[in-house]
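Just follow the structure's listing: the first ligand is 1, and inside any ligand the first atom is 1. These figures come from a predicted structure and were not determined experimentally.
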Amino acid sequence: MSEPWVKMVTAQTPTNIAVIKYWGKRDETLILPVNDSISITLDPAHLCTTTTVAVSPSFVQDRMWLNGKEISLSGGRYQNCLREIRARACDIEDKERGIKISKKDWEKLHVHIASYNNFPTAAGLASSAAGFACLVFALAKLMNAKEDNSELSAIARQGSGSACRSLFGGFVKWNMGKVEDGSDSLAIQVVDEKHWHDLVIIIAVDLQTIHSFAISWRNNSFFCDKLEIRGQRCIVSSREKETSSTTGMHETVETSLLLQHRAKEIVPKRIVQMEMSIKNRDFASFAHLTCADSNQFHAVCLDTCPPIFYMNDTSHRIISCVEKWNRSEGTPQVAYTFDAGPNAVLIAHNRKAAAQLLQKLLFYFPPNSDTQLNSYVLGDKSILKDAGIEDLKDVEALPPPSEIKDAARYKGDVSYFICTRPGRGPVLLSDESQALLSPETGLPK
Ligand SMILES: Nc1ncnc2c1ncn2[C@@H]1O[C@H](COP(=O)(O)OP(=O)(O)OP(=O)(O)O)[C@@H](O)[C@H]1O
Ligand SMILES: C[C@@](O)(CCOP(=O)(O)OP(=O)(O)O)CC(=O)O
C-alpha cells in the first residue's frame with residue numbers, strides 16, 4: 001500500500017421536493033422525524049449534485065471541496081456519514097492496477113471528496129438533500145459497501161433528513177420508523193419516474209428575497225455584513241442560509257402545538273391518501289393534498305414562537321394565480337408547494353397545463369428588460385415552445401389570464417424559472433472526464 005495510487009468513484013444524485021413535508025425531529029443527532037414524508041425526485045438533467053470520492057495511501061487527512069472551495073469536514077453531520085460508511089466498508093481489489101484494500105484498511109485510509117451542485121447551494125433548492133445523498137452513495141460504492149439504497153438512505157439521513165429521499169427516483173416515501181437507533185427510519189420508492197412521466201415541474205426561483213429572514217431576524221442581525229441593500233430591497237449576495245431548516249424545525253418542535261396535531265392526526269392520513277393518488281395517477285387528489293400540506297407546513301411555521309415567515313409576496317401571488325386558475329377550470333391543473341423559502345415549486349398535470357402555466361407566470365413575472373429569455377427560463381426549454389413563446393416580444397404580448405380582474409405585472413420579481421420533470425435516482429459516472437478529482441494527485445482538477 002505504499003505506492004502512490006489513487007482510486008476513485010464519481011456519482012450523480014438528484015434533488016427532491018416534498019409533497020408531504022418533513023418538519024420536526026424527535027431525535028436531532030440521528031435526525032429522526034416526527035412524521036413520514038413523501039417527495040418527488042427532480043430530473044438530474046436539470047438539478048443535480050456530482051461528487052467524486054477518492055482514496056489513496058498518500059492522503060494524510062479526509063478533505064472536501066464543495067463547488068471548488070475547500071470546506072471543513074469536522075461537522076457532526078459529515079463525521080456521522082463518514083463513520084457509518086467506513087463501518088460498512090468491504091474488501092476491494094483492482095488486479096489491473098495492483099490495488100488491494102482490505103476491510104480493516106479503510107479505518108486508516110483517508111478520503112478526498114469533491115462535489116459540485118449544478119444549481120445554487122443553500123438557496124432553498126435542497127442542495128443538502130442531493131449533496132448528502134451523493135456523498136453517501138459515492139462513498140458506499142468506493143468502499144464496496146453491500147447495503148442497498150434504502151439502507152444507504154438511513155446513513156444519508158444523518159447528513160440531512162431530506163437527503164434520504166434522494167436515494168431513489170420517482171416518488172419516494174421516508175418512513176419515520178419506530179426504533180430508537182433509527183435503523184428503520186429510511187426511504188423506499190413508491191413508484192419510479194416512468195410511472196407518472198407526463199407531470200411537468202416549474203420552479204420559480206426568487207433569490208432576491210432574504211431566504212433566511214427568520215434566522216437573521218432572530219439573531220438580531222438583519223442588516224448584517226453579508227447582506228447588501230439595494231433600494232428598498234435586501235439582496236442576498238451569495239449568502240448561505242446555513243441551518244435554517246434545522247433551526248426552524250427545532251423551534252417549531254419546542255413551541256408549536258399545531259405541529260403535534262399535524263404529526264399525530266393529519267400526516268398519517270395524508271400519507272395513505274397521497275400514496276394512493278400517486279399510484280392511481282389521480283391528479284385532483286394529488287394536487288389537493290400537495291397544496292394543503294404545503295400550506296399546513298407554513299401554518300406550522302407561523303405557529304412557531306417567534307413565528308417563521310418563509311414565503312413572501314411573490315409566493316403569495318403565485319398561490320393566488322394557481323388557486324384562481326384551478327377554480328376557474330373546475331378541476332386542478334397545477335399543484336404548488338414551498339419549502340423553507342419563497343421559491344414556488346409548481347407541478348402541472350401534463351405538458352398542456354405546463355405551457356398554459358408558463359404563459360400565466362411569464363405574464364405576471366416578465367423578466368427585466370436586460371434579461372435574455374434564454375437565461376430566464378432554464379431546464380426543459382421545450383415547454384416555452386409549447387407555450388408559443390420565442391422571444392421577449394412574445395412575453396410582452398401575453399394576454400392577462402381571463403380568470404383574473406387585476407392584471408398587474410411584477411417585472412423582475414422572479415429571478416428565473418426552471419422547467420423540469422420527475423427524474424431518476426443516483427447513478428455512477430464511469431467516464432473519467434466527469435471526475436472532479438485528478439486521478440494522479442487526488443486533488444481538484
Ligand atoms: N454537494 C454537496 N455535498 C455535500 N454537502 C453539501 C452539498 N451541497 C450542500 N451541502 C451542505 O448543505 C448545506 C446547505 O444546506 P441548506 O439546508 O442550508 O440549504 P439547501 O439544502 O440548499 O436549502 P433547503 O434545505 O432550504 O432546500 C451546505 O452548507 C453544505 O453543508
Ligand atoms: C421544508 C423541508 O424542505 C425541510 C427539509 O429539511 P432538511 O432536510 O434541510 O433539514 P435537516 O434534516 O435539519 O438537514 C421539507 C422536506 O424536504 O420534507
Looking at [X], which atoms of ligand 2 are within less than 4.0 Å of one of its heavy atoms?
| X | answer |
| --- | --- |
| Arg165 | 16 (C), 17 (O), 18 (O) |
| Lys25 | 11 (P), 12 (O), 13 (O) |
| Gly161 | 8 (O), 11 (P), 12 (O), 14 (O) |
| Ile31 | 12 (O) |
| Ala18 | 16 (C), 17 (O), 18 (O) |

Would you check the N or O atoms of [X], main chain and side chain alike, for any that come under 3.5 Å of an N or O of ligand 1?
| X | answer |
| --- | --- |
| Tyr78 | yes |
| Leu66 | no |
| Ser115 | yes |
| Ser127 | yes |

Options Ala129, Ser128, Gly248, Ala133, ranked by nearest heavy atom to atom 12 (O) of ligand 1, top entry: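 Shortest heavy-atom distance from atom 12 (O) of ligand 1: Ser128.
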
Heavy-atom proximity to atom 10 (O) of ligand 2, best of Met249, Lys21, Glu28: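 The residue whose heavy atom sits nearest atom 10 (O) of ligand 2 is Met249.
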
SB check Lys7 Asp94 (cutoff 4.0 Å):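 Yes, charged N to carboxylate O under 4.0 Å.
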
Results of side-chain hydrogen bond (donor to acceptor under 3.5 Å, both in side chains) for Asp184 - residues two or more places apart only: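 side-chain hydrogen bond (donor to acceptor under 3.5 Å, both in side chains) check on Asp184 returns nothing, list empty.
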
Would you say [X] and ligand 2 have an N/O pair spaced under 3.5 Å apart?
| X | result |
| --- | --- |
| Ser162 | yes |
| Ile20 | no |
| Trp23 | no |

Close approach of Phe297 to ligand 2, heavy atoms, under 4.0 angstrom: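 Checking ligand 2 against Phe297, which is what was asked, there is a heavy-atom contact under 4.0 Å.
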
Test item, Arg77 contacting ligand 2 (heavy atom, 4.0 angstrom):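 The answer is yes: ligand 2 sits under 4.0 Å from a heavy atom of Arg77.
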
Arg327 atom CZ, over 12 foreign heavy atoms within 6.0 Å: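 Check fails, neighbour count at 12 or below.
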
Whether over 12 other heavy atoms sit under 6.0 Å from His288 NE2: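 12 or below, so no.
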
Side-chain donor-acceptor pair present, Lys264, Asn35, cut-off under 3.5 Å: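 Judged by distance alone, the side chains do not pair up.
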
Test item: side-chain donor near acceptor, Asp148 and Ser150, under 3.5 Å: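 Absent: no donor and acceptor within the cut-off.
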
Step-by-step side-chain contact (heavy atoms from CB on, under 4.5 Å) determination, Thr331 to Phe283: CA-CA 9 Å; Thr331 174; Phe283 190 78; over 6 Å; no

Region of Asn16 that comes within reach of ligand 2 [heavy atoms, distance under 4.0 Å]: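 Neither; nothing of Asn16 gets under 4.0 Å from ligand 2.
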
Which segment of Ser160 sits under 4.0 Å of ligand 2 when only heavy atoms are counted: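 Both the backbone and the side chain of Ser160 come within reach of ligand 2.
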
Give a yes/no on ligand 1: does [X] have at least one heavy atom closer than 4.0 angstrom to it?
| X | answer |
| --- | --- |
| Ser245 | yes |
| Met64 | yes |
| Leu135 | no |

Any pair counted as salt bridge (charged side-chain N to carboxylate O under 4.0 Å, His left out), so long as it reaches residues 20-37, sequence neighbours left out: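 Output for this query lists Lys21-Asp339.
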
Distance in Å, Ser245 OG paired with Tyr310 OH, rounded so as to fall on 0.5 Å steps: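 Interatomic distance, Ser245 OG to Tyr310 OH, rounded to 0.5 Å: 5.5 Å.
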
Residue part near ligand 1, for Asp339, under 4.0 Å between non-hydrogen atoms: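 It is neither; nothing of Asp339 touches ligand 1.
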
Is a side-chain N or O of [X] found less than 3.5 angstrom from the main chain of [Y], in a donor-acceptor match?
| X | Y | result |
| --- | --- | --- |
| Thr41 | Phe168 | yes |
| Thr52 | Leu436 | yes |
| Ser294 | Thr337 | no |

Parallel, tilted or perpendicular, as decided by the 30° and 60° cut-offs, for the rings of Tyr410 and Phe365: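 Geometry flag for Tyr410 against Phe365: tilted rings.
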
